[in-house]
Protein chains: 2
Amino acid sequence: MREEPDSPAAASGTGRRRGRPRHQAATREGIATAALEVARSHGYERLTMAAVARRLGVAPSALYNHVTGKADLLALLQDEVMGEVEVDGLRAAVAGEVPVREAVRDWAHSYRRVFAGHTPLIPMIATLPIAGAEQTQRMYDAVAAALGTAGVAETEVLPRIIALESFIYGSAFDVHAPAHLFEVAAAPGELPAFQAAAAACRRDIGIGIDGSHATDEGPAVGTLGVNPYADDPFETGLELLLAGL
Amino acid sequence: MREEPDSPAAASGTGRRRGRPRHQAATREGIATAALEVARSHGYERLTMAAVARRLGVAPSALYNHVTGKADLLALLQDEVMGEVEVDGLRAAVAGEVPVREAVRDWAHSYRRVFAGHTPLIPMIATLPIAGAEQTQRMYDAVAAALGTAGVAETEVLPRIIALESFIYGSAFDVHAPAHLFEVAAAPGELPAFQAAAAACRRDIGIGIDGSHATDEGPAVGTLGVNPYADDPFETGLELLLAGL
DNA sequence: ACCTGAACACCGTTCAAGT
DNA sequence: ACCTGAACACCGTTCAAGT
């Protein structure tokens with residue numbers, strides 16, 4: 001076995017001659033998995049067609065036999081990521097085993113946590129038809145069933161889901177914002193309302209004027225990213241959106 | 001005057017010799033304006049350094065004397081766009097001239113409408129420090145003052161703003177989603193809860209099973225984009241998030 | 001200080017050649 | 001049908017040369 005530092009398969013250019021191979025080297029499933037691995041280990045800046053191909057041990061041009069382009073690849077990846085969102089609690093709630101409100105809350109937390117690590121996918125998700133996205137369809141069905149169990153009127157189920165989802169996506173962006181996000185260099189008397197609100201908020205969550213998180217208890221429980229302003233607003237908004245459940 | 005179809009200034013390569021010009025050809029302000037014009041007239045796919053430079057009548061490399069790179073240019077553009085969000089209603093509410101709840105609602109509608117046309121900026125906004133972004137600071141101050149007027153506790157002002165903003169950004173993505181977003185090719189008995197919810201929603205807003213918007217009254221009042229599922233969820237979620245104002 | 005023009009690295013995509 | 005390898009168009013960025 002040769003040493004292949006980054007790829008489970010043979011590196012491009014060494015392992016295969018020209019022409020059709022005996023066994024298919026790339027598939028849509030394999031491409032989705034490889035894309036997820038690249039995004040996870042190297043980040044979305046490095047998620048290129050070349051990187052995915054290298055991880056599969058094929059030439060970049062080989063990918064175009066299975067996906068129409070990078071947009072298609074990202075759509076595959078999107079459904080792969082959606083499969084990581086936890087929906088078992090929703091199923092249990094429909095079965096009457098746990099309270100619906102808690103189950104939907106847990107789902108929302110899981111959804112935000114998963115996509116906080118995949119924010120570059122979010123802009124395309126909202127405009128991506130769910131036809132053909134199996135995991136996405138399964139998730140929608142689980143949430144719809146849960147909201148139905150909670151007594152939400154049938155015509156209001158989809159709007160409620162979309163409203164929750166929009167809030168979750170927007171909140172996912174905040175998770176990795178820098179701590180000094182809201183620091184301003186305004187003269188005294190400028191922006192009075194905002195400065196007062198920011199100061200009160202800093203006192204409340206215990207961060208320094210420079211954005212340093214100066215708590216001696218360490219990061220607050222449930223903190224996902226580095227932005228101290230992200231978690232509290234998410235909890236606040238989520239509780240408001242769960243009204244009536 | 002020569003004919004210059006796309007640019008108010010001289011085209012690159014014709015109008016200027018090498019070396020330092022008498023008058024500065026590019027400024028940060030000018031770059032922001034040019035970027036907004038390019039994005040508006042040709043879309044974000046065509047918003048390139050070369051396109052912005054051409055609109056200013058300079059070489060692409062000249063831009064790097066004023067911005068550190070494309071990310072910096074997009075940050076300038078972001079603040080330019082933020083200046084289009086309507087905040088006069090918020091000021092009036094603080095002055096006691098209009099009800100706060102209506103003013104915040106109108107602001108939210110304006111905010112979503114503006115950024116529905118600039119969704120590619122949204123992923124960067126959440127992680128972009130507001131220091132140096134004048135329009136953004138002014139907007140935050142106006143909203144903070146309005147929420148204070150509404151009696152929101154000072155420590156809760158910033159969380160409420162962030163929660164609203166997250167929801168608005170998430171909702172902005174939905175505006176231009178295709179109408180067949182939620183059409184699935186599922187066998188009868190599959191995805192029962194989701195199918196029922198989608199069917200009820202379609203009946204409610206009057207769209208065909210194929211996603212065609214088959215109302216004979218024309219598009220509903222207040223419709224922004226082409227996605228019939230976008231407006232109702234936005235109104236629903238917004239009202240929930242305005243609770244207590 | 002601020003511009004031009006040439007150059008570079010990189011990316012997505014196409015396509016002929018090959019089995 | 002499915003792969004390789006060369007090629008293309010395009011993009012952001014750098015930098016020497018020039019005033």
Side-chain angles (χ1 to χ4, degrees), chain A residues 6-32 34-35 38-39 42-77 120-121 123-124, chain B residues 6-7 9-32 34-35 38-39 42-77 120-121 124:
Chain A
D6 199 36
S7 168
S12 172
T14 65
R16 203 174 359 259
R17 304 218 316 284
R18 274 203 174 180
R20 186 186 191 189
R22 292 199 226 79
H23 294 303
Q24 200 167 264
T27 62
R28 284 176 73 84
E29 295 248 334
I31 290 171
V38 172
H42 300 294
Y44 275 85
E45 325 80 51
R46 308 249 297 259
L47 177 59
T48 62
M49 299 301 272
V52 173
R54 195 151 67 93
R55 190 154 255 272
L56 288 169
V58 298
S61 52
L63 299 177
Y64 292 86
N65 290 306
H66 304 93
V67 296
T68 62
K70 192 174 186 185
D72 191 21
L73 179 147
L74 290 175
L76 285 182
L77 175 55
L121 294 177
M124 64 163 298
Chain B
D6 201 34
S7 167
S12 171
T14 63
R16 201 168 8 256
R17 303 219 316 284
R18 274 200 174 182
R20 184 184 190 189
R22 292 197 224 81
H23 295 302
Q24 202 167 263
T27 62
R28 285 177 72 84
E29 295 248 333
I31 289 171
V38 171
H42 301 292
Y44 276 84
E45 326 82 50
R46 307 250 297 260
L47 177 58
T48 63
M49 298 301 272
V52 173
R54 195 151 67 94
R55 189 156 258 271
L56 288 168
V58 298
S61 54
L63 299 177
Y64 292 85
N65 290 306
H66 304 94
V67 295
T68 63
K70 193 175 185 184
D72 191 22
L73 179 147
L74 290 175
L76 285 182
L77 175 55
L121 295 177
M124 64 164 297

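The shown structure was predicted, so the numbers you read here are calculated from the model rather than taken from an experiment.
Taking the side chain as every heavy atom from C-beta outward, R54(B) and V38(B) never approach each other to under 4.5 Å. L47(B) is not listed as a side-chain neighbour of H42(B), based on a closest heavy-atom distance of 4.5 Å or more.
Closest approach of P60(B) and A50(B) over heavy atoms only: CG-CA, 4.1 Å. Closest non-hydrogen pair, A35(B) versus L73(B), comes out as CB-CD2, 3.9 Å.
H66(B) has a side-chain polar atom (N or O) that falls below the 4.0 Å cut-off from OP1 or OP2 of dC3(C).
Following rounding to the nearest Å, M49(A) (CE) and dA9(D) (P) show an atom-to-atom distance of 20 Å. Here the P atom of nucleotide dC11(D) and the CD atom of E45(B) are 11 Å apart, to the nearest Å. When the P atom of dC10(C) is taken as reference, atom NE2 of H42(A) falls 16 Å away, rounded to whole Å. Summarising the geometry, the separation between CG on D72(A) and C1' on dT13(C) is reported as 14 Å, rounded to the nearest angstrom. Atom CG in N65(B) sits roughly 15 Å away from atom P in dG5(C) (whole-Å rounding). Atom P of nucleotide dG12(C) and atom CZ of R46(A) are separated by 13 Å, given to the nearest angstrom. A straight line from CG of L74(A) to C1' of dC11(C) spans 14 Å, rounded to a whole angstrom. Atom CD in Q24(B) sits about 12 Å away from atom P in dT4(C), given to the nearest Å.
For S61(A), the listed nucleotide lying nearest its side chain is dT4(D); candidates were dG12(D), dT4(D), dT4(C). Taking the side chain of A59(B) as heavy atoms from C-beta on, and the options dC3(D), dC3(C), dT4(C), the nearest nucleotide is dT4(C). Comparing dC3(D), dG12(D), dT4(C) against the side chain of Y64(B) picks out dG12(D) as the nearest.
dC8(C) and dG12(D) make up a base pair, with Watson-Crick or G-U wobble contacts both under 3.5 Å. Using Watson-Crick or G-U wobble geometry with both donor-acceptor distances under 3.5 Å, dT19(D) finds its partner in dA1(C).
Nucleotides of DNA chain C nearest to K70(A) and L63(B) differ in position, and the one nearer the 5' end is that of L63(B).
Counting distance only, with no hydrogens placed and no angle test, the side-chain atoms of T48(B) and the base atoms of dG12(D) include no donor-acceptor pair under 3.5 Å.
With hydrogens and angles disregarded, no donor-acceptor distance shorter than 3.5 Å links the side chain of H66(A) to the backbone of I31(A).
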